[in-house]
Amino acid sequence: MNTFDFGIVGLGVMGRNLLLNIASQKFAAVGLDLDAEKVSSLQKEADPNHIIEATTDVLHFAELIQRPRAIMLLVPAGKPVDSAIQSLLPHLDEGDIIIDGGNTYFTDTDRRFLELSAKGIHFFGMGISGGEQGARFGPSMMPGGDKKAYERLRPIFEAIAAKVNNEPCVEYLGNGSAGNYVKMVHNGIEYGIMQLISEIYDLMKRGYNLDEDTIEQIFEEWNQTDLKSYLIEITGLILKKRDENGLRLINQISDWAKSKGTGKWTSQNAMDLQVPVPTIDAAVVMRDMSKSKPERIVAATKLVWNSKPIDINIPEVIASLKSALYFSILTTYAQGLAQLKTASKEYNYGLNLETVCKIWRGGCIIRADVLEDFRKAFAQDPDLANILLDSDIASKLNESQNGIREVIQFAVQQGIPTAGLMNSLAYFDAYRSANLPTNLIQAQRDFFGAHTYERIDAAGIFHTQWID
Ligand code: 6PG
């Protein structure tokens with residue numbers, strides 16, 4: 001009794017694999033799931049040299065874990081988290097720790113923190129990224145909230161996390177729901193990059209008519225360059241994969257994209273904070289657009305554009321596509337990181353963006369070599385308003401912008417949708433515009449609604465009688 005180091009509630013893909021990871025680091029781990037099949041399959045899978053137990057009985061589960069207990073919830077976000085907490089509470093003692101490892105909406109974490117503190121239970125949210133493989137062999141973990149509770153469990157988390165240059169991809173991020181918020185923005189960036197890669201793939205295939213072997217090879221090659229990242233790597237592997245009939249599996253997959261909501265939350269909250277994240281917005285919109293498949297099929301026959309063939313030079317095109325992707329990925333990270341900066345002030349998280357970039361370098365879905373560049377930028381200037389203002393990043397963008405301008409012109413001429421690429425460039429062009437035409441918007445607002453405006457040549461608030 002009370003000998004296990006760690007308990008996990010929810011033995012789905014993430015829970016099971018994290019538990020196996022924890023046990024392989026020589027911690028005794030016990031899992032709880034109401035589904036007896038999940039419990040018995042974990043017991044079968046467990047390495048006999050590791051200390052693993054699994055049960056469907058919450059009382060037995062609580063009795064097995066040493067006090068103060070450390071229990072991580074890996075159940076779907078929302079009501080299941082509340083139900084899991086309610087079922088645990090009668091069996092817990094003051095000082096026990098509950099960690100929510102799911103993709104929980106940050107305000108739910110704030111609420112649960114208050115409810116559980118009142119009962120003497122330490123609670124914190126910790127975003128976990130890396131999917132099945134990450135959970136089993138080293139995820140990136142984003143803890144926030146109760147720092148003392150995190151410190152007690154730090155040795156376990158550091159042992160199971162992915163490592164980059166021997167540094168674990170887990171570090172305390174900040175107050176309250178900081179961990180869930182950072183994971184939400186991680187996912188927003190993930191949506192953006194996935195959309196950008198899919199647009200580049202579409203341009204290669206439908207636009208420039210590159211053959212599929214070439215496309216597959218390009219992604220493999222790009223992963224050896226400054227584009228090196230998990231999402232580029234898996235794209236190469238996906239394009240390679242054949243189905244049981246020897247056909248490329250990608251061509252048999254429906255284009256109807258699903259989502260669980262974290263990208264939408266990122267966009268929604270960015271709007272609340274008035275932080276522009278247009279590439280992430282476009283990625284959410286394009287997943288929604290993909291759902292209207294029956295309408296698109298009809299529209300494809302009604303809304304027509306006769307594009308003209310354009311002479312292309314393949315090696316030049318491939319170089320432009322690469323620059324376009326690099327440029328747009330950088331500006332997507334810039335948007336997400338800018339959102340984190342504002343959110344940190346607004347919600348009093350106390351985030352250090354160098355730390356965020358550091359723990360995103362490995363284990364997570366958006367891990368990429370460029371994260372090291374961003375880490376350095378924040379190390380040099382922790383108050384950097386936007387990574388686009390870092391001199392090294394600015395030169396990289398200045399050098400690669402020609403590619404994206406060419407690619408977008410081509411896409412427009414060919415009628416190929418590139419909402420992600422266009423919004424990345426629009427973000428860059430707007431951000432570097434010392435003057436925007438929003439003076440006209442101010443004038444219009446004042447014209448029809450007497451909303452007033454400010455002048456550049458005099459202090460104060462002005463209103464004009466625009467017509468006699
Ligand atoms: C990760 C992933 C993970 C999950 C996404 C999928 O970091 O490991 O982001 O959290 O796969 O939530 O999100 P959608 O279903 O919304 O695409």
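We count ligands from 1, going down the list as the structure has it; atoms in each ligand are counted the same way.
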(message) Whether Asp82 and Arg111 form a salt bridge (side-chain N of Lys/Arg under 4.0 Å from carboxylate O of Asp/Glu) is what I want to check.
(response) yes
(request) For the pair Glu167 and Arg361, find out whether any cationic side-chain nitrogen is under 4.0 Å from an anionic carboxylate oxygen. (result) yes
(message) Are any of the N/O atoms on Gly130, whether in the backbone or the side chain, positioned under 3.5 angstrom from an N/O atom of ligand 1?
(response) yes
(request) Can you measure from CD1 (Ile197) to CD1 (Ile232) and round to the nearest 0.5 angstrom? (result) 4.0 Å
(message) Using a 4.0 Å cut-off to any heavy atom of Asn187, which atoms of ligand 1 qualify?
(response) 5 (C), 7 (O), 9 (O), 10 (O), 12 (O)
(request) Take every heavy atom of Gly263, measure it against each atom of ligand 1, and state whether any distance is under 4.0 Å. (result) no
(message) For Glu212, run the salt bridge (charged side-chain N to carboxylate O under 4.0 Å, His left out) check against Lys241, Arg242, Lys205, Lys240 and tell me which one passes.
(response) Lys205
(message) Between Asp226 and Lys396 (salt bridge meaning N to carboxylate O under 4.0 Å), is one present in this structure?
(response) no
(message) For the 3.5 Å polar cut-off, considering only N or O atoms, please tell me whether Ser259 and ligand 1 meet it.
(response) no
(message) If the cut-off is 4.0 Å to any non-hydrogen atom of Arg287, which atoms of ligand 1 fall inside it?
(response) 14 (P), 16 (O), 17 (O)
(message) Evaluate Ser177 against Asn180 for side-chain hydrogen bond (donor to acceptor under 3.5 Å, both in side chains), listing each step before the verdict.
(response) CA-CA 6 Å; Ser177 51; Asn180 292 114; over 6 Å; no
(request) Under 4.0 Å from a heavy atom of Gly131: give me the atoms of ligand 1 that qualify, with their elements. (result) 8 (O)
(request) For the residue pair Phe6 and Ile65, establish whether any side-chain heavy-atom pair is separated by less than 4.5 Å. (result) no
(request) Please write down residue, atom name and distance for the protein heavy atom closest to atom 15 (O) of ligand 1. (result) Lys260 CG, 3.2 Å
(request) Looking only at protein heavy atoms, identify the closest one to atom 7 (O) of ligand 1 and say how far it is in Å. (result) Ser129 OG, 2.5 Å
(message) Suppose I only count heavy atoms of His186 and a 4.0 Å limit; which atoms of ligand 1 are within that range?
(response) 7 (O)
(message) Below 3.5 Å, N or O to N or O, backbone or side chain included: is there any such pair between Ile128 and ligand 1?
(response) no
(message) Using a 4.0 Å cut-off to any heavy atom of Ile365, which atoms of ligand 1 qualify?
(response) 1 (C), 2 (C), 7 (O), 8 (O)
(request) Please report the shortest heavy-atom distance between Leu203 and Val407, naming the atom on each side. (result) CD1-CG1, 3.4 Å
(message) Quick check with a 6.0 Å cut-off and a 45 degree axis cone: is Arg154 positioned over the face of Tyr172's six-membered ring?
(response) no
(request) Indicate whether atom 11 (O) of ligand 1 is within a distance of less than 4.0 angstrom of some protein heavy atom. (result) no
(message) When you measure from the centre of the six-membered ring of Phe123, is the NZ or CZ of Arg112 closer than 6.0 Å and no more than 45° off the axis?
(response) no
(request) Measure the distance from atom 9 (O) of ligand 1 to every protein heavy atom, then report the residue, atom name and distance (to 0.1 Å) of the closest one. (result) Glu190 OE1, 2.6 Å
(message) Return the closest protein heavy atom for atom 16 (O) of ligand 1 as residue, atom name and distance.
(response) Tyr191 OH, 2.4 Å
(message) What protein heavy atom lies closest to atom 4 (C) of ligand 1? Include the residue and the distance to one decimal.
(response) Asn103 ND2, 4.3 Å
